Amino acid sequence: MDAIKIDNLTKRFDAMIAVDGLTLTVSRGELFGLVGSDGAGKTTTMRMLAGIMDPSSGDAWIMDRHAGREGESLKGSIGYMSQRFGLYPDLTVLENIHFFADIHGLPQKGRQEKIDRLLAFSNLTPFKKRRAGNLSGGMKQKLGLACALIHTPQVLFLDEPTNGVDPVSRRDFWRILYQLLKDGVTIFVATAYLDEADRCNRVGLIHKGKLVACGTPQELKQLMPGGILEVHTGNARACLQILHRKLEGYQVGLFGDRLHIVSETPEKTQLLVQDLLGGEGVEIVSIRQIEPSLEDIFISVIGEEDVHATAG
Ligand SMILES: Nc1ncnc2c1ncn2[C@@H]1O[C@H](COP(=O)(O)OP(=O)(O)OP(=O)(O)O)[C@@H](O)[C@H]1O
């Protein structure tokens with residue numbers, strides 16, 4: 001059964017279409033990633049699903065209830081952690097959680113046990129008396145998550161929850177999400193980090209408000225015809241310029257100190273690239289075919305010039 005059903009959801013801001021005919025479903029207990037660069041339409045989608053923004057047209061249902069028309073009755077079933085999650089910096093960790101418990105009308109009976117469980121779950125027990133303003137970025141996000149979970153929602157919406165958080169805390173945060181999945185919570189997470197997208201059961205790539213691809217990470221990786229050639233040389237940027245100049249009709253992108261070339265015939269392209277770079281006096285450290293990453297797929301689907309705003 002579907003936890004989330006989105007049908008032709010559209011949001012216009014004057015002439016600008018922020019979300020353009022989005023249609024997709026998310027099953028119960030699924031971890032779905034909405035992936036796109038800045039301004040792709042992720043936050044606008046989240047707001048409409050969480051019932052805090054009306055769509056211009058189209059519909060969404062969460063657990064069989066209409067996100068707009070039945071928004072009020074949905075509140076108890078969904079948790080929403082927005083990008084600028086409203087923690088109170090002057091309140092302690094514990095006080096913040098109590099504040100959200102009050103908002104959701106959580107009864108006093110059983111409340112303390114619930115809070116203790118959430119604190120332990122998010123590894124915040126030792127910090128419960130610390131003021132939220134004095135927490136690290138990663139801890140703030142965990143506290144935001146604990147607050148979003150206080151009323152035991154069935155569906156959790158997370159808008160770029162690990163934006164700007166260090167890699168160790170990000171991994172920690174994802175561990176917590178996997179625990180929630182085990183408890184049967186459906187998670188809909190927006191992210192610009194493609195490595196995070198790889199951790200999702202299914203991924204939707206959104207670009208300029210449109211869903212341009214959707215499937216499991218493995219399915220998305222099969223969207224790419226041919227393969228990827230990874231080229232490692234002493235100076236990737238110089239080689240990028242050479243290949244942009246001389247290798248017409250190919251997508252070439254810079255990934256750290258490596259170049260990725262999308263090719264339908266990688267073996268042939270490998271010979272061509274070896275010739276071209278050799279002719280320019282470039283020494284190739286290695287050149288090999290690799291499995292495309294989600295980042296490769298993203299670039300191949302939306303075009304290289306549009307991808308630069310996307311975090312790696
Ligand atoms: N209230 C608004 N009024 C006008 N335009 C808006 C409004 N909210 C969003 N937009 C525009 O809609 C587009 C989609 O924005 P949205 O915030 O949904 O993208 P996003 O993928 O979440 O990116 P980011 O991570 O930068 O928030 C952007 O071009 C944005 O400028």
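When a ligand or atom number is given, it counts from 1 through the structure's own listing order. Quantities reported herein were computed from a predicted structural model and do not represent experimental measurements.
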Inset, instruction - Report the C-alpha separation of Val203 and Cys214 in whole Å, then their side-chain angles, then the decisive distance to 0.1 Å, and conclude whether the side-chain contact (heavy atoms from CB on, under 4.5 Å) test is met. - result: CA-CA 6 Å; Val203 174; Cys214 189; over 6 Å; no
Legend entry - Short side-chain to backbone donor-acceptor contact, Thr162 and Val165, under 3.5 Å: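 No, because the side chain of Thr162 does not come within donor-acceptor range (under 3.5 Å) of the backbone of Val165.
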Inset, instruction - To the nearest 0.5 Å, tell me how far Gln251 CD sits from Ile299 CD1. - result: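 If we round to the nearest 0.5 Å, Gln251:CD and Ile299:CD1 are 7.5 Å apart.
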Legend entry - Separation of Thr43 OG1 from Met53 CE (nearest 0.5 Å):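 Output value for this atom pair is 9.0 Å.
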Inset, instruction - Go through the side-chain N and O atoms of Thr191 and Glu160 and say whether any donor and acceptor fall under 3.5 Å apart. - result: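 Absent: no donor and acceptor within the cut-off.
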Inset, instruction - Taking atom types as modelled, find out whether Ser169 and Asp166 have a side-chain donor-acceptor pair closer than 3.5 angstrom. - result: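 The criterion, which ignores hydrogens and geometry beyond distance, is satisfied for Asp166 and Ser169.
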Inset, instruction - Quick one, list the residues around ligand 1 where some non-hydrogen atom comes in under 4.0 Å, by chain and residue number. - result: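 Contacts of ligand 1 under 4.0 Å: Phe13, Met16, Ala18, Ser37, Asp38, Gly39, Ala40, Gly41, Lys42, Thr43, Thr44, Gln83, Glu160.
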